[in-house]
Amino acid sequence: MPRISLNRELWVISGLLFLAIALRLPTLGSPLIEDEAVYFNEYIDLPWQRMILNYHNSSQHTLFLLLAKFSVWVFGESETVFRLPSFLAGVLSVPLAYQLGLAVKMPWSSALTSAVLMGLSWPHLKYSLVGGGYALTIFLVLLATYSAVRFLDNSRWMWGSVLVVTGFSITYTLPSNLFFLGGLAVFIVLAGGLELKENRLSIKKMFQSSIPFLIMFAWIGIYFLIIYEELKVARDLHPLLLDGRRIGNITELLVAPWGFWMYLFFALGAWRLRGRRERILFLAVIMVPIVLTLGTGVVGFARHYIYWLPFVLLLSAYGITEVFLQLKEKIGGPVYGLGLGFVFLLVFFAVKQTTKLYTARDNGSLVVAGPNATLSEASQMAVWVDENIPEDNLIVISTGGPVSSVLNRYMGKKVLKRMTYFARGGELRKIIFIAHQDMPPEKYPFVPMFKDRMLKLPASRLNKIHSMGSLGVYELNLKVERFIPPRFDPDYEVKIGNSEIPQVDIRQVDEPRVVGKQALYIENKSGKPMGIISPIVKGADISEDHAYILYVFITKFKPLQQKASVHLAEKSNWPPTVGYLNPWLGEFQVKDRDDVWHIIYSLSPLSQGRHYFQERIEIQKGDNHLDGLQSYLLTG
């Protein structure tokens, strides 16, 4: 490592920390969005032991979640506290990138430039502000690589121990990071066994240098055996192809916000690498994950390859400084003006993209479902609803997305209790929407049955009855009355009429069921989804526009599979406009049974005039279970 005065080193580290903190503090306390809100809802209340030795799905960034849970336990619930592990990892990654540049014997100017690029990098900035495992991955990748280099330099077991712990932590954060560790292992074995003077490999030294990885992979192997079944499910959940579009997304992400022209400097930096060990390092950590990806067929989203970011920026920084050193030799003093202009260009792109990110995080425009509530607002709204909204009112959460709304965490169980009560025959009198005031219910994108037929509620039928911070409580000003059946019948589904359809077996069963004495079982042997239409036709006269049908049914929950669905259909209106209410809050388990069921509420608009309805059941291949079918008419 180049010798640098301690005083200058302190100034450099302090400057890099200031840069990192200054760019990552704004919007750190903004409302949770997208995946991080899902992580908070699903995992923050999960018992420690279940999180440590279970892998529920691909959204579980275990190490981050454990750190975030500990942070919340110590400091209390807030957006800033939940994101604290990401923020700290992001801040510390910037000076660590500088230290890694020096450790791999890059010029001081290249090491410093790589750290500045890391500080300005759009994906690094974004993931430092988001509660998730990606900023932590970058930090751990830097630390593991730095530890590996230092271990090769002096074989001190302090660095070997750091390497073992850091390497395991990388896969404990995201299992897909294992491919990076494969590359780092190849580097340390080859570089560790390389006799520089004799220009040959030493088997003995190869084995000695590989000991930390043997220990590390033993730990990882035990952990993967424990979570093996869950890993298989997570892999099958999002099967992806490594096609040209995905490769473009990955390569674009790594050089954002500057664009593909940065790869010119990356290529030059790779070409100009002088040390054999450094060439092995960059070749191994880039090529081995590619080979493993192609060999296993396990392909992730672009963000799953964020472990390449430090190496792309290191080589790009080296290429940049090499260009300016060559120009300095040829044109002398004017190169400083060019350098200043180039720095301005780098900063300009970064500031432009960063400003957009700050604005979008503040106003919630990053997601289609609009802005989320703050944790404080959500917890206070939950208390207010308990105290002020009667039990015969259906609560609909329509803010921040059906899965990512933080209201789900504070109100989800009580909303489910109301949904279950009405599905079992309880009297329903009103529908209440809780929405962000910047996106009230008439603007909210309810999850549709068909993407091009979105449910839109009229503002004239919505009364805001309360507001709390950014949240509003809206009452749907329509009369609610039972429609079909006109009185609650817990076994109505067995009376909608049987259709004779080849390869489809329809029958009434006593078990499994949720309400009444029987449920409807449909076995689809055709091997493909299909629609079944009841032969029984029901008519209704609607006296004015802006009327609606609220349809309720219960279906057996199928993990990772499409579920059966039911609605009242009209032959003259296909495809229908159907929007789902609380679509991911209806899961429940029948007491003293293992069966998991899902209550579905949907809303469909009706125009003035005579309407003729038939129950239409969309069934999936295999077993389909339905219970508790009922509908309500909502009119002015």
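Positions are given from 1, in the same order as the sequence printed here.
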Results of salt bridge (charged side-chain N to carboxylate O under 4.0 Å, His left out) for Asp386 - residues two or more places apart only: Lys414
Return the minimal non-hydrogen interatomic distance between [X] and [Y], and the atom names on each side.
X	Y	answer
Val406	Thr374	CG2-O, 4.1 Å
Ile226	Leu53	CG2-O, 3.6 Å
Ser86	Gly131	OG-CA, 4.0 Å
Met449	Tyr580	CE-OH, 3.2 Å
Met51	Tyr43	CE-O, 3.1 Å

At what distance, to the nearest 0.5 angstrom, does [atom1] of [X] lie from [atom2] of [Y]?
X	Y	atom1	atom2	value
Ile227	Thr62	CD1	OG1	6.5 Å
Arg303	Ser176	CZ	OG	10.0 Å
Ile52	Tyr223	CD1	OH	10.0 Å
Glu475	Ile389	CD	CD1	8.0 Å
Tyr410	Gln380	OH	CD	10.5 Å

Test side-chain contact (heavy atoms from CB on, under 4.5 Å) applied to Glu442 - qualifying residues, sequence neighbours left out: Pro440, Ala459, Leu462
Answer yes or no: is there an ion pair linking [X] with [Y], defined by an N-O contact shorter than 4.0 Å?
X	Y	result
Arg507	Asp505	yes
Asp510	Lys517	no
Asp595	Lys556	yes
Arg461	Glu544	yes
Arg409	Glu77	yes

Step-by-step ring-ring contact (aromatic ring centres under 6.0 Å, His included) determination, Tyr127 to Trp122: CA-CA 9 Å; Tyr127 293 130; Trp122 182 81; 7.5 Å; no
Pairing donors with acceptors under 3.5 angstrom, does anything connect the side chains of [X] and [Y]?
X	Y	result
Ser470	Glu377	yes
Thr137	Asn177	yes
Glu615	Tyr551	yes

From CA spacing to verdict: ring-ring contact (aromatic ring centres under 6.0 Å, His included), Phe553, His567: CA-CA 9 Å; Phe553 68 94; His567 69 283; 9.3 Å; no
Phe64 and its ring-ring contact (aromatic ring centres under 6.0 Å, His included) partner, picked from Tyr39, Phe82, Phe40: Phe82
Donor-acceptor contact present, side-chain Glu587 to main-chain Ile599, <3.5 Å: no
Only distances under 3.5 Å count here; give the side-chain donor-acceptor pairs of residues 623-636 to other protein atoms, sequence neighbours excluded, each with its distance to 0.1 Å.
unit_1	atom_1	unit_2	atom_2	d
Asp623	OD1	Tyr521	OH	2.6
Asn624	OD1	Gln620	N	2.9
Asn624	ND2	Ile522	O	3.3
Asn624	ND2	Gln620	O	2.8
Asn624	ND2	Gly622	O	3.1
Asp627	OD2	Val514	N	2.7
Asp627	OD2	Val515	N	3.0
Gln630	OE1	Arg482	NH1	2.7
Gln630	OE1	Tyr632	OH	3.2
Gln630	NE2	Phe422	O	3.2
Gln630	NE2	Ala423	O	3.1
Ser631	OG	Ile484	N	3.1
Ser631	OG	Ile484	O	2.9
Tyr632	OH	Arg482	NH1	3.3
Tyr632	OH	Arg482	NH2	3.2

